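This structure is a prediction, so every number in the text was calculated from the model and none was measured. The first residue of the sequence shown is numbered 1, and numbering continues consecutively from there.
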Amino acid sequence: MKKHAIIPIFIPHRGCPNDCVFCNQRKITAHQTPVLPENVHGTVETWLSTLEPRHMETIELAFFGGSFTGIPMEEQTAFLQVAKAYKDAGRIHRIHLSTRPDYISREMLDNLKCWGVDVIELGVQSFDEDVLKASGRGHDAACVYESSRLIQEYGFTLGIQLMIGLPGDTMEKDIYSARETVKIGPSIARLYPTVVIRDTALYDMYLAGAYTPMPEDDAVERTKAMYQILDAAGINIIRVGLKSSDIIADAPSSIAPGTFHPAFRQLVEGAIARESLEAQLLTLYPEIQNFQDTPPDPAVCPSAYFVSNAKSRNNLFGHKSANRVYFAKKYPGLNIKYVTDTQLGLQLPDNRYLVVDAGLAGGIESVK
């Protein structure tokens, strides 16, 4: 059963002076009814009527949709007063918000601390100066390091959001951004491949041929590499890719073809699982490489058990069973059996190989 829930409150960043090439602020604002502090009570009560009977361990009230600290201080305070009242009453446990690196100051953090904010996510997007400039971010990488330092100094939980495939971006620059994120040491991270949305400068660049979106395979490979770097450092990756509801109401008509996949996280995690499983197979049973051209006699066909816990079952199979298809085609002489075991403690027959997918967050373990 799910133990953590987020109550999202969309706060448009009215009057944002920045002009990021990927942002469709005008269209997003047109599709959203402005949220006022007095509206928050009704939204929260609706969510809590469902969440409280389920006895969730942690409920967060999260202000999303833009740069919370970019709205006037008095408005921030009005929203936070509502959130803190729920937190003080014990009906929610944490207050969560997202903002820009250049919208952080000691004055802002003092106010957020006063009103019980717990988590601050920074929309960093990239640590590469050329990518930041080409994307119209309006700040440099030095701003990211300083804002992150201040947030951590104040004792907030820090989150960093990165985008993949922005103008001027490359695999090497994405890897650099992931490694710089590790140096800063946030607790949480989000990875977003760039989605080209209509009514943005990026969409105009796309139509003019000045920007070419990443092919899906490239997006998966880049995100996979970044995911593995962050995960190895113990950073909790809470989102990979956008949801349909994160874009706008009339998606997919509002996005350029081929730049959005609704199950992008599964594509990435399935690719990570496949890579790890194959590496284990080749280590434990290198002879199977010879079976690709000349399958062995079925009577002596070796067996491999691919085992996952219930949480990782979809990753084990891959999106639309892509991993099953891959292994069956590449290793036709291998008798693979896919098993789900909630405790990962199966006792399987001797002389057979057991490959255990223990869940991506904890790594993948092999047992012979």
Walk me through it: do Arg190 and Ile237 pass the test side chain to side chain contact (heavy atoms under 4.5 Å, CB included)? CA-CA 6 Å; Arg190 299 176 191 254; Ile237 305 165; over 6 Å; no
Identified side chain to side chain contact (heavy atoms under 4.5 Å, CB included) counterpart of Leu112 within the set Asp118, Thr69, Thr77, Ile95: Thr69
Out of curiosity, does [Y] fall in the hydrophobic cluster containing [X] (side-chain heavy atoms, cut-off under 4.5 Å, transitive links)?
X: Leu282; Y: Leu316; result: yes
X: Ile160; Y: Val240; result: yes
X: Ile188; Y: Val144; result: no

Just wondering, more than 12 heavy atoms not from Lys113 lying within 6.0 Å of its NZ? yes
Taking the six-membered ring for Trp and the single ring otherwise, decide whether the centroids of Tyr211 and Tyr203 are under 6.0 Å apart. no
Run the ring-centre check on Phe64 versus Phe10 and record whether the distance is less than 6.0 Å. no
Separation between [atom1] of [X] and [atom2] of [Y], rounded to the nearest 0.5 Å:
X: Thr170; Y: Ile164; atom1: OG1; atom2: CD1; answer: 12.5 Å
X: Ile71; Y: Tyr103; atom1: CD1; atom2: OH; answer: 11.5 Å
X: Glu74; Y: Phe79; atom1: CD; atom2: CZ; answer: 11.5 Å
X: Ile120; Y: Phe156; atom1: CD1; atom2: CZ; answer: 4.5 Å
X: Met226; Y: Asp231; atom1: CE; atom2: CG; answer: 13.5 Å
X: Glu146; Y: Ile151; atom1: CD; atom2: CD1; answer: 10.5 Å

Could you tell me whether the side chain of [Y] reaches within less than 4.5 Å of the side chain of [X], counting heavy atoms only?
X: Cys20; Y: Ser135; result: no
X: Leu202; Y: Thr194; result: yes
X: His261; Y: Glu216; result: yes

Does NZ or CZ of Lys337 fall inside the cone over Phe306's six-membered ring, less than 6.0 Å from its centre and within 45° of the axis? no
When you measure from the side chain of [X] to the backbone N and O of [Y], does any donor-acceptor pair fall under 3.5 Å?
X: Ser276; Y: Ala273; value: no
X: Asp218; Y: Glu221; value: no
X: His93; Y: Ile59; value: yes
X: Arg91; Y: Ala85; value: no
X: Gln152; Y: Ile184; value: yes
X: Ser148; Y: Tyr145; value: no
X: Ser147; Y: Pro101; value: yes

Using a strict 4.0 Å threshold on nitrogen-to-oxygen distance, state whether [X] and [Y] make a salt bridge.
X: Arg106; Y: Glu153; value: yes
X: Lys224; Y: Glu269; value: no
X: Arg222; Y: Glu172; value: no
X: Asp128; Y: Lys173; value: yes

Any donor-acceptor pair under 3.5 Å linking the side-chain atoms of [Y] with those of [X]?
X: Gln125; Y: Tyr192; result: no
X: Thr340; Y: Arg313; result: yes
X: Glu57; Y: His4; result: no

Taking all non-hydrogen atoms of both residues, which atom of Phe327 and which atom of Arg274 are closest, and how far apart? CZ-O, 3.8 Å
I need the minimum non-hydrogen distance between Leu158 and Pro186, along with the two atoms involved. O-CB, 3.4 Å
Just to verify, what does Thr58 make a side chain to side chain donor-acceptor pair (under 3.5 Å) with, not counting sequence neighbours? none
Who passes side chain to side chain contact (heavy atoms under 4.5 Å, CB included) against Asp204, sequence neighbours left out? none
